[in-house]
Amino acid sequence: KTISFIDIQTPWRKLRIPIPGGIAVSRRVLDEALVREAVRQGVQFLPETTVTVNARTEATARHAVLCQHGVPLGEVRAKVVLACDGLNHTSLRKLPMFRSRVARNARIGIGGVARGTLHGDHHERVTMAIDRRGYVGMVSVEKDQWNIAAAVDAGLVQELGMHQAVRTILKNTATED
């Protein structure tokens with residue numbers, strides 16, 4: 001979908017920033033396009049494969065162990081190994097320099113895709129709703145789907161639940177167009 005601007009909303013103000021030539025696609029569509037182009041360029045794509053990057057390296061290569069459905073496939077040596085395993089980065093568990101520590105006051109990340117329509121004209125914009133308890137970003141992508149991402153205070157999620165916490169931030173930052 002074409003995106004023309006970003007709306008940044010707080011309980012106190014609203015800011016609209018033009019984004020000439022912007023587009024929005026779902027993660028699924030982006031991933032499919034990236035894989036298609038990578039394979040076209042000669043990359044070997046191994047879906048549903050786990051990788052563990054070893055601490056052992058060479059000047060020009062990394063070593064990694066591959067498994068598919070729990071069955072070891074062997075070790076690879078490559079200049080670049082893309083392990084798209086999210087924030088947990090389990091592929092890097094043997095490399096202590098990549099261990100994460102979560103701060104006590106860290107917000108809870110929430111993300112997903114919703115289907116349906118929204119009241120009003122929200123189709124050509126990215127909306128960022130920000131208040132003291134977190135933020136919610138949303139954008140319309142293909143076929144009446146909405147990508148939604150949020151970072152919300154843990155206390156708000158405990159008090160209201162995940163869905164209601166997101167709705168509360170959106171409601172508290174809603175302004176008239």
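Computation of the quantities below employed the complete heavy-atom set of this structure, encompassing side-chain atoms and omitting hydrogens, waters and symmetry-equivalent molecules. Quantities reported herein were computed from a predicted structural model and do not represent experimental measurements.
- Atoms NZ and CD1, on Lys14 and Ile8 in that order, are 11.5 Å from each other to the nearest 0.5 Å.
- Annotation: cation-pi pair Arg125/Phe5 absent, no NZ/CZ under 6.0 Å from the ring centroid and within 45° of its normal.
- With sequence neighbours left out, the side chain to side chain donor-acceptor pair (under 3.5 Å) criterion links Thr49 to Gln68.
- Of all non-hydrogen atoms in Gly70 and Cys67, the two that sit nearest each other are C-CB, 4.5 Å.
- Taken to the nearest 0.5 Å, the CG atom of Asp7 stands 4.0 Å off from the CZ atom of Arg16.
- A chain of hydrophobic side-chain contacts below 4.5 Å, direct or via other Ile, Leu, Val, Met, Phe, Trp or Tyr residues, connects Leu73 to Val76.
- Residues forming a salt bridge (Lys or Arg N to Asp or Glu O under 4.0 Å) with Arg133 (at least two apart in sequence, or on another chain): Asp131.
- Put simply, the side chain of Trp146 gets close to the backbone of Gly116: a donor and an acceptor are under 3.5 Å apart.
- In this structure Arg36 satisfies the side chain to side chain donor-acceptor pair (under 3.5 Å) test with no other residue, sequence neighbours excluded.
- The side chain to side chain contact (heavy atoms under 4.5 Å, CB included) check on Lys94 picks up Thr52, Asn54, with sequence neighbours excluded.
- Residues satisfying the salt bridge (Lys or Arg N to Asp or Glu O under 4.0 Å) test with Glu37, not counting sequence neighbours, are Arg40.
- Met138 and Val113 fall into different hydrophobic clusters, defined by Ile, Leu, Val, Met, Phe, Trp and Tyr side-chain heavy atoms under 4.5 Å apart, directly or through other members.
- Under the 4.5 Å side-chain criterion, counting only non-hydrogen atoms from C-beta, Glu48 is in contact with His69.
- Annotation: salt bridge (Lys or Arg N to Asp or Glu O under 4.0 Å) contacts involving residues 104-116, sequence neighbours excluded, comprise Arg107-Asp153.
- With side-chain heavy atoms closer than 4.5 Å counting as contact, directly or through intermediates, the hydrophobic cluster containing Val35 also holds Val39, Phe45.
- Using a 4.5 Å cut-off between side-chain heavy atoms of Ile, Leu, Val, Met, Phe, Trp and Tyr, with links allowed through other members, Ile17 and Val126 fall into the same hydrophobic cluster.
- No side-chain heavy atom of Glu124 sits under 4.5 Å from any side-chain heavy atom of Ile3.
- For Asn147, there are no side chain to side chain donor-acceptor pair (under 3.5 Å) partners, not counting sequence neighbours.
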Listed pairs under 3.5 Å, donor-acceptor, residues 20-30 side chains, sequence neighbours left out:
from: Ser26; atom 1: OG; to: Val29; atom 2: N; distance (Å): 3.3
from: Ser26; atom 1: OG; to: Glu142; atom 2: OE2; distance (Å): 2.3
from: Arg27; atom 1: NE; to: Asp31; atom 2: OD1; distance (Å): 2.9
from: Arg27; atom 1: NE; to: Asp31; atom 2: OD2; distance (Å): 3.1
from: Arg28; atom 1: NH1; to: Glu32; atom 2: OE2; distance (Å): 3.4

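- Both Ile110 and Val136 are assigned to one and the same hydrophobic cluster, defined by single-linkage of ILVMFWY side chains at heavy-atom distances under 4.5 Å.
- Side-chain contact between Thr50 and Thr90: absent, with no pair of heavy atoms (C-beta onward) separated by less than 4.5 Å.
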Got a list of side-chain donor-acceptor pairs under 3.5 Å for residues 162-170, not counting sequence neighbours?
from: Thr168; atom 1: OG1; to: Gln164; atom 2: O; distance (Å): 2.8

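- The side chain to side chain contact (heavy atoms under 4.5 Å, CB included) search around Ala61 returns Glu58, Arg77, not counting sequence neighbours.
- Atom-to-atom distance recorded for Leu66:CG and Gln44:CD is 8.5 Å, nearest 0.5 angstrom.
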